[in-house]
Chemist: 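Next up is a structure, given as structure tokens.
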Amino acid sequence: MKILVLNCGSSSLKYQLIDSETENVLAKGLCERIGIDGMLKHEPVGKDKFVSNDPLPDHSTAVKAVMDALVDPEHGVIGSTLEIGAVGHRVVHGGEYFANSVLITEEVKDALRKCIDLAPLHNPANIIGIEACEKLMPGVPQVAVFDTAFHQTMPEKAYLYALPYEYYEKYKVRKYGFHGTSHRYVSQECAKLIGKPIEELKIVTCHLGNGASICAVRKGISVDTSMGFTPLDGLAMGTRSGSVDPAAILYLMRKENLTIDQMDHILNKESGVLGISGVSSDFRDIEAAEGEGNERATSALDLFAYRVAKTIGEYVTAMKGVDAIVFTAGLGENSATMRQVICDYLRYLGIELDSYNNSQRGKAIEITTRQSRVQVFVIPTNEELVIARDTREIVEGLKK
Ligand code: ADP
């Protein structure tokens, strides 16, 4: 079955068409600037790339543009959209409603609408994407795969905030956690590499990209994670502050007369390693600036690594031990220096890096020596593949 995987953001749409039997990607691409002007970048495997600047006034037009690109005689990869057997959607927030991926029904859409308050930028785009597919591919089953679902197994002591309990009851203010699809995938791949059932393992997974989060995975389930009610909490990130004393935020708002929206923008877009370094949100730029002697770049990288290492330590405590640590996502997969600095903090766990393996790129690999008491791995994440697998499983279950 060919599965279209869609990731609808507020003004973008990423897609992959995956053959679920071979798990090969047939085409992938990206619509950007939806609602502004519009740009489609389409990359069919084995054919030339294609870029279009046709206007994309809304997500429906963007989904239609993707379908047209997929069947185009020149750069298409299928003869007809009827070949698409199912659509898998990445949905950011499933609240407390969804602990697993689900077939999209009217009830599911109602629940997604109830989660809009929790993810006002993301969930509306997801719902529009789902409805656009319903219109363009009537009858084709659609599945929602949630960023939050994997973390629904966290115990109450991990997800409750020490705020008046009524705010949890009234507004469901609690820790949800994000990047769940990635943490689930890399922890399962890690168990395969170790060659033991995941039920016997304690794994800390570090998803370090523009957004960054860490997860404690015990016996294959998430028991704690560093993002919270929103993806702003926890580690310092590209432009997001991560955890800050809440009183510091109130203080700044009073001092600078900031509105809620202005503070929101500062915390989400002007903080993190960009805010500290003043250089960039991209770790490659910051590492380069450090190389040229920029002290604030060094401060940003130091702070980032320190907080990652400290959070790993917390999760070792949460699980009362650790068998393996996994690095994934843009920075986690690519920066040998960052991994080295983080692992230096963790020598007390008996971690010994293998510097040759740590310098390798682009494949799943163990980066510790045989003597290391905890195994450390780099495992490239693949959220689209997980979405395609979940979609296939749910759709095949319908036929039984
Ligand atoms: P997201 O999906 O959250 O946007 P990614 O997982 O693609 O992010 O990670 C993007 C980040 O990864 C970039 O901001 C960049 O800082 C970092 N990155 C990518 N390649 C490298 C590299 N070779 N060295 C250091 N950092 C890198």
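One-based numbering, in listed order, for ligands and for the atoms of each.
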Chemist: Indicate yes or no for a side-chain donor-acceptor contact from R240 to the backbone of P231 under 3.5 Å, with no hydrogens or angles considered.
Modeler: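 Checking the backbone N and O of P231 against the side chain of R240, a donor-acceptor pair under 3.5 Å is found.
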Chemist: Would one find an N or O of G330, backbone or side chain, under 3.5 Å from an N or O of ligand 1?
Modeler: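 So ligand 1 has an N or O lying under 3.5 Å from an N or O of G330.
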Chemist: Over 60° means perpendicular and under 30° means parallel, so classify the ring planes of Y159 and Y168, tilted if in between.
Modeler: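 It falls in the tilted class, 30° to 60°.
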Chemist: Determine, counting only non-hydrogen atoms of the protein, whether one lies under 4.0 angstrom from atom 2 (O) of ligand 1.
Modeler: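 Neighbour list for atom 2 (O) of ligand 1 is empty of protein heavy atoms (cut-off 4.0 Å).
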Chemist: Which atoms from ligand 1 have a heavy atom of R361 less than 4.0 Å away?
Modeler: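 It comes down to these atoms of ligand 1: 23 (N).
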Chemist: What's the shortest distance from atom 27 (C) of ligand 1 to any protein heavy atom, and which residue and atom give it?
Modeler: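 I find the closest protein heavy atom is R284 CG, 3.7 Å.
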Chemist: For the residue pair S299 / D302, report whether a side-chain donor-acceptor contact shorter than 3.5 Å exists.
Modeler: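 Distance-only check fails for D302 and S299.
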Chemist: For atom 4 (O) of ligand 1, what is the closest protein heavy atom, and at what distance to 0.1 Å?
Modeler: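 Of the protein heavy atoms, N210 ND2, 3.3 Å lies nearest.
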Chemist: Would you mind checking if E189 and K192 are paired as a salt bridge, meaning a charged N to carboxylate O distance below 4.0 Å?
Modeler: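 Here K192 pairs with E189 in a salt bridge, since their nearest N and O are under 4.0 Å apart.
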Chemist: Would you mind listing which atoms of ligand 1 come within a distance below 4.0 Å of any non-hydrogen atom of F283?
Modeler: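 Taking each heavy atom of F283 in turn, ligand 1 has 15 (C), 16 (O), 26 (N) under 4.0 Å.
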Chemist: Mark up the atoms of ligand 1 that fall under 4.0 Å of a heavy atom belonging to A329, in ascending order.
Modeler: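 What qualifies from ligand 1 is 6 (O).
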Chemist: Quick one: does G238 get within less than 4.0 Å of ligand 1, heavy atoms only?
Modeler: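 G238 does not count as a contact of ligand 1 under the 4.0 Å cut-off.
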Chemist: Are the charged groups of K41 and E32 less than 4.0 angstrom apart, N to O?
Modeler: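 Here K41 pairs with E32 in a salt bridge, since their nearest N and O are under 4.0 Å apart.
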Chemist: Do the ring planes of H93 and Y176 sit parallel (below 30°), tilted (30 to 60°) or perpendicular (above 60°)?
Modeler: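 H93 and Y176: perpendicular rings.
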Chemist: Would one find an N or O of L331, backbone or side chain, under 3.5 Å from an N or O of ligand 1?
Modeler: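 So ligand 1 has an N or O lying under 3.5 Å from an N or O of L331.
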Chemist: Would you mind checking which non-hydrogen protein atom is closest to atom 20 (N) of ligand 1, with the distance to 0.1 Å?
Modeler: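 The answer is N334 ND2, 3.4 Å.
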Chemist: Return a yes/no value for D282: is any of its N or O atoms, backbone included, closer than 3.5 angstrom to an N or O of ligand 1?
Modeler: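 Yes; at least one N/O pair falls below 3.5 Å.
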Chemist: Taking only heavy atoms of G211 into account, list the atoms of ligand 1 that are under 4.0 Å away from them.
Modeler: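 Listed by number with element: 3 (O).
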Chemist: For D323 versus V374, what's the shortest heavy-atom pair and its separation?
Modeler: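 D323 and V374 have their closest heavy atoms at O-CG1, 3.5 Å.
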Chemist: Test your reading of the model: is there a side-chain donor-acceptor pair from S20 to the backbone of M1, 3.5 Å cut-off?
Modeler: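 Answer holds: yes.
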Chemist: I'd like to check whether G209 has a polar contact with ligand 1, where a contact means an N/O of the residue lying under 3.5 Å from an N/O of the ligand.
Modeler: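 Checking ligand 1 against G209, no N or O pair falls under 3.5 Å apart.
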Chemist: Report the relative orientation of the aromatic rings in Y345 and Y306; use parallel for angles under 30°, tilted for 30 to 60°, perpendicular for over 60°.
Modeler: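 Rings of Y345 and Y306: tilted, as their planes differ by 30° to 60°.
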Chemist: Answer yes or no: does an N/O atom from H207 fall short of 3.5 Å to an N/O atom of ligand 1?
Modeler: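 No, since none of the N or O atoms of H207 sits under 3.5 Å from an N or O of ligand 1.
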